[in-house]
Amino acid sequence: MALAQQYSNISEEVMEYLFEQKIRERDLIAEKEELKQRMNKIEEHLVLLQNRDDELTCMIAAGNLYQLSTVKLVREGLLASLTASMQPYLKLHRKLLRLQQHIREDHSVLYENLLRHPST
């Protein structure tokens, strides 16, 4: 029996639901990757500040704005940003894992039904 023929028994609503779940999964993966890149960038900046005296003056630049600060204050700000980014990242990660579990379960049920009730 051809694969296309097996899938012809699946309703359009079910196929649409599965497709929407995959789109949602792709969007969550992209959002998670964006948060991960942001955290990696913060970690890279923290590495640059390692082994530096806390009272050492440094220049912070964002766009066309420049500000003098100390290594200690910059490090504290970066750590606060990293901590603030962790919670949404972990929440998103758990959401993605739940969605992927549901997708696996849905596909399993779908395939079991296809095997039990092949098209004639």
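- Between the CD atom in Glu20 and the CG atom in Leu18 there is a gap of 9.5 Å [rounded to 0.5 Å].
- Crowding of Glu112 atom CD: a count of heavy atoms from other residues, nucleotides or ligands under 6.0 Å exceeding 12.
- In this structure, the separation between OG on Ser85 and CD1 on Ile42 is 4.5 Å, given to the nearest 0.5 Å.
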query = Does the pair Gln67 and Met59 meet the rule for a side chain to side chain contact (heavy atoms under 4.5 Å, CB included), with working shown?
reply = CA-CA 6 Å; Gln67 180 180 349; Met59 177 85 63; 5.9 Å; no

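- Two different hydrophobic clusters hold Leu99 and Leu110 under the rule that ILVMFWY side chains link at heavy-atom gaps under 4.5 Å.
- Using a 3.5 Å distance cut-off with no hydrogens or angles, the side chains of Gln101 and Arg104 do pair a donor with an acceptor.
- Under a 3.5 Å cut-off, the side chain of Arg75 and the backbone N or O of Leu46 do not form any donor-acceptor pair.
- Cluster membership for Tyr17 and Leu96, using ILVMFWY side-chain heavy atoms within less than 4.5 angstrom, is not shared.
- Taking both residues in full, the closest heavy atoms of Lys32 and Leu92 are given as N-CD2, 3.3 Å, listed atom of the first, atom of the second, then distance.
- When the shell of 6.0 Å around CD of Glu76 is examined, it contains more than 12 heavy atoms from other residues, nucleotides or ligands.
- Leu65 CG to Ile60 CD1: the interatomic distance, rounded to the nearest 0.5 Å, is 11.0 Å.
- Remark: Lys36 NZ to Glu34 CD distance equals 14.0 Å, nearest 0.5 Å.
- Remark: the backbone N or O of Tyr89 is not paired with any side-chain donor or acceptor of His93 at under 3.5 angstrom.
- Hydrophobic cluster membership differs between Val109 and Met15, with clusters built from Ile, Leu, Val, Met, Phe, Trp and Tyr side chains linked at under 4.5 angstrom.
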request  = Check the pair Arg24, Lys95 against side chain to side chain contact (heavy atoms under 4.5 Å, CB included), reporting the backbone distance first and the verdict last.
outcome  = CA-CA 11 Å; Arg24 187 166 170 232; Lys95 192 179 205 178; 4.0 Å; yes

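- Looking only at side-chain heavy atoms (C-beta outward), Val71 and Glu55 stay at 4.5 Å or farther from each other.
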task = Determine, step by step, whether Asp54 and Thr70 satisfy the side chain to side chain contact (heavy atoms under 4.5 Å, CB included) criterion, reporting the C-alpha distance in whole Å, the side-chain angles of both residues, the deciding distance to 0.1 Å, and the verdict.
result = CA-CA 7 Å; Asp54 282 348; Thr70 62; over 6 Å; no

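- Rounded to the nearest 0.5 Å, atoms NE2 (His45) and CG (Leu82) are 12.5 Å apart.
- Rounding to the nearest 0.5 Å places CZ of Arg38 at 9.5 Å from OG of Ser81.
- Using a cutoff of 4.0 Å between basic side-chain nitrogens and carboxylate oxygens, Lys41 and Glu44 are not scored as salt-bridged.
- Val74 and Leu48 end up in different hydrophobic clusters when Ile, Leu, Val, Met, Phe, Trp and Tyr side chains are linked at under 4.5 Å.
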task = Take Tyr111 and His107 through the test side chain to side chain contact (heavy atoms under 4.5 Å, CB included) and record every step on the way to the result.
result = CA-CA 6 Å; Tyr111 294 135; His107 280 270; 3.8 Å; yes

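- Of the options Gln21, Glu105, Glu25, a side-chain hydrogen bond (donor to acceptor under 3.5 Å, both in side chains) to Gln100 is made by Glu25 and by none of the others.
- Using a 4.0 Å cut-off between a side-chain N of Lys or Arg and a carboxylate O of Asp or Glu, Asp53 and Lys72 do not qualify as a salt bridge.
- Leu56 and Leu73 are not part of a single hydrophobic cluster, where members link through side-chain heavy atoms under 4.5 Å apart.
- In this structure, Ser69 and Thr57 have side chains that are not in contact, with every pair of non-hydrogen atoms separated by 4.5 Å or more.
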